[in-house]
Amino acid sequence: MEDFYQILTLVGLFAYWLIAAGVVIRVIIKRRSIGVSLAWMMVIYFVPFFGVLGYLLIGEQNWGKARENRAKLMYAPYRKWFADLYQFRQYRPKELTEYGHSISSLCEQRLGIPSLGNNQLELQSSPQQILNSLITDIEEAQSSINLEFYIWHPGGLADKVAQALIDAAKRGVEIKLLLDAAGSRQFFKSHWPKQFKQSGIEVTEALVVSPLRMFFRRLDLRMHRKIVIIDNQIGYTGSMNLVDPAFFKQNAHVGQWVDVMVRITGSNVPVLNTINSWDWEVETNHRQLPEAPECIKLNADHPIDMLQVIPSGPGMPSEIIHQVLLLSIYQAKSKIVITTPYFVPSENLMFALTSAAQRGVIVELIIPERNDSTMVKWASRSFFGELLSAGVKIYRFKGGLLHTKSVVIDQNHCLIGTVNLDMRSLWLNNEVTLAVDDLAFTQKLSRLQQSYIDDSTQLEHERWRKRPVYKRIIEQFFYMFSPLL
């Protein structure tokens, strides 16, 4: 009997070795960045069984067969909707700057979505301004409101938004609400979903989390977009979830979250609405493509306000926003200013930032002094030494958890949206970014970034080099896992 158990043990170990080897081979043939592959191989071999299980659950961009099949059937009608935009007067590629033209060309080739002119952009930078503006637009809505958020957290002005939606539904406005199931779990535990449904508001959970589903798709794949569309004429997107910061994560000891939203009117509102329609159809199998932009006649002296809408995530070209970000950095001639709450860059992004600084471009990185993610905090710190050595200026914002995601290039062009500078946002989640080729808006954003710098402490290279050894060890530990964060 003892010999039997010994043989059984050896067979089990050999079987596990075969499984682990097979998974490692799969990691390699996926041809991702070397850092990501090495991190997964380390997890697989240093965390027996759980490493293999972890990779099978969250190692690949598994969207779920039902969603993948549905998306394949959706490509043709959505591709045609975007292709029709090239016939509109707002499609004026000759009016783009050199920077805007390169971004637009990339997005046209990979996404089939062109840059369009005739947009009016309003930068909103305080929660009161954002939520009160949203309430006012909801109160004036005539026909439809579509909302999509990662987090809806009840409390404060967020409840006033909810009541405004209920009042709008009662007067006949059609309202659809799509919320990430994990990010908005507090909302789904509250009384609001029941009240919404009783008022005729359609409420859908995106990417529902359950033990059974983890065997069919990644549990950490999230709907991270923030989009509001009112009457197909007014749009909002940016970094802010539907929360009142005074009532959100008060026990996290990071201060109130600091965000921005962009209020948009003009030709790109239907484009944002179509992205929302895509997400809605993926979850519900119900199609409701919006009307195309109005084909208005533009005067010669009319401001162009060129804007490129860039969605990313499963079902869309891989790493498109990552490509746009790298292209923007490599085109910079004088200055790059970046704000992000979570900074765990890819190898390519680190190389682009350090190369820019080394060729004389001023590179300023603004991050929160305190972070609500311990792993991200330590992993982020592991990159500071290399950045500082290259001449990158790092500012740590003291006024709360800086959640704004923005990039300003040469104070002439900018990127603003939902994307964090980490692998999860750049590779995995459903995101949306605006590439703005408009000087006036970019300068407003640049002034806002400077206000963040004024409320920050600059990290000094010499002082950073003298940090305790134990901190260096912790940083290096989390650095090894940074490609997976």
Side-chain angles (χ1 to χ4, degrees), residues 30 32-33 36 39 54 57-64 67-68 71 107 110-111 147-153 178-185 204-209 213-214 216-227 237-243 257 259 261 272 275-276 278-283 309-326 339-346 348-349 371-373 375-376 379-380 403-407 415-435 481-485:
K30 281 294 179 180
R32 291 172 292 199
S33 70
V36 173
L57 293 178
I58 63 170
E60 298 178 9
Q61 200 182 48
N62 181 11
W63 197 21
R67 284 183 176 82
E68 289 179 4
C107 293
R110 297 208 65 205
L111 286 168
L147 305 97
E148 176 177 347
F149 284 95
Y150 174 57
I151 300 173
W152 184 319
H153 187 86
L178 180 64
L179 298 175
D180 184 84
S184 298
R185 58 185 179 275
T204 294
E205 290 184 77
L207 301 168
V208 175
V209 178
R213 291 175 189 268
M214 71 180 182
F216 301 99
R217 66 164 173 80
R218 286 189 67 149
L219 288 182
D220 61 339
L221 171 62
R222 304 312 331 152
M223 178 65 67
H224 200 242
R225 291 195 254 267
K226 293 94 175 167
I227 297 174
T237 192
S239 66
M240 186 170 170
N241 292 290
L242 216 157
V243 304
W257 288 35
D259 280 290
M261 290 293 270
L272 274 175
I275 295 167
N276 170 260
W278 169 279
D279 295 335
W280 183 265
E281 184 172 347
V282 165
E283 291 296 332
V309 178
I310 312 168
S312 69
M316 297 178 182
S318 62
E319 298 190 55
I320 179 63
I321 294 179
H322 192 197
Q323 276 189 292
V324 168
L325 177 60
L326 293 172
T339 67
T340 182
Y342 310 112
F343 181 75
V344 187
S346 66
N348 290 334
L349 181 54
N371 203 293
D372 63 334
S373 171
M375 292 183 69
V376 168
S380 180
H403 197 244
T404 301
K405 305 103 171 12
S406 66
V407 181
L415 303 173
I416 187 167
T418 69
V419 178
N420 299 312
L421 296 192
D422 59 18
M423 295 301 291
R424 185 171 303 281
S425 275
L426 295 172
W427 178 70
L428 181 63
N429 290 336
N430 290 282
E431 307 278 3
V432 64
T433 282
L434 306 179
F481 297 96
S482 62
L484 310 182
L485 297 179

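Scope of the values below: all heavy atoms of this structure, side chains included, with no hydrogens, waters or symmetry mates. We count residues from 1, following the sequence as given.
In this structure the side chain of L207 reaches within 4.5 angstrom of the side chain of R222, judged on heavy atoms. Side-chain contact check for L272 versus V309: some heavy-atom pair is nearer than 4.5 Å. S380 places none of its side-chain heavy atoms less than 4.5 Å from the side chain of N371. The side-chain heavy atoms of T433 and I416, taken from C-beta on, include no pair separated by under 4.5 Å. With a 4.5 Å cut-off on side-chain heavy atoms, N241 and W152 do not count as touching. Residues K226 and S239 form no side-chain contact, since every pair of their non-hydrogen atoms from C-beta on lies 4.5 Å or further apart. The shortest side-chain heavy-atom distance between L421 and L349 falls under the 4.5 Å cut-off. Under the 4.5 Å side-chain criterion, counting only non-hydrogen atoms from C-beta, W278 is in contact with M316.
In terms of heavy-atom proximity, V324 sits nearest to C107 at CG2-SG, 4.1 Å. In plain terms, the two heavy atoms of F149 and M240 that are nearest each other are CE2-O, 3.5 Å. Minimum heavy-atom separation, W257 to D372: CZ2-OD2, 3.5 Å.
Evaluation of the salt bridge (Lys or Arg N to Asp or Glu O under 4.0 Å) rule for D279 yields R225 as partners, not counting sequence neighbours. The side chain to side chain donor-acceptor pair (under 3.5 Å) test applied to T340 returns no partner, not counting sequence neighbours. Under the side chain to side chain donor-acceptor pair (under 3.5 Å) criterion, E148 pairs with N276, not counting sequence neighbours. Qualifying side chain to side chain donor-acceptor pair (under 3.5 Å) partners for Q323, counting only residues two or more places apart in sequence or in other chains: R110. Under the rule for a salt bridge (Lys or Arg N to Asp or Glu O under 4.0 Å), E205 has no partner lying at least two apart in sequence or in another chain. For the side chain to side chain donor-acceptor pair (under 3.5 Å) test, residues two or more places apart in sequence or in another chain that qualify with K405 are H403, N420. Contacts of H322 classified as ring pair (Phe, Tyr, Trp, His ring centres under 6.0 Å), with partners at least two apart in sequence or in another chain: none. Among residues two or more places apart in sequence or in another chain, the side-chain contact (heavy atoms from CB on, under 4.5 Å) test is passed with T339 by I366, L402, T404, S406, Q449, Y452. In this structure, Y342 has no ring pair (Phe, Tyr, Trp, His ring centres under 6.0 Å) partners at least two apart in sequence or on a different chain.
W427 contributes atom CH2, which lies 12.5 Å from atom CG of D422 (distance to the nearest 0.5 angstrom). For the atom pair CG (L178) and OH (Y150), the distance works out to 13.5 Å, reported to the nearest 0.5 Å. Interatomic distance, N429 CG to D180 CG, rounded to the nearest 0.5 Å: 8.0 Å. Put simply, CD1 on I151 and CZ on R185 are 8.5 Å apart, with the number rounded to the nearest 0.5 Å. Rounded to the nearest 0.5 angstrom, S184 OG and M223 CE are separated by 11.0 Å. Interatomic distance, CD1 of I321 versus CG of L426, reported as 8.0 Å (0.5 Å rounding).
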- Worked verdict on L434 versus I310 for side-chain contact (heavy atoms from CB on, under 4.5 Å): CA-CA 6 Å; L434 306 179; I310 312 168; over 6 Å; no
**OP:** Would you please test T204 and W280 for side-chain contact (heavy atoms from CB on, under 4.5 Å) and show each step?
**Re:** CA-CA 8 Å; T204 294; W280 183 265; 3.3 Å; yes
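For the pair H224 (side chain) and T418 (backbone), a donor-acceptor distance under 3.5 Å is present.
The closest side-chain donor-acceptor pair between S312 and E431, if any, does not fall under 3.5 angstrom.
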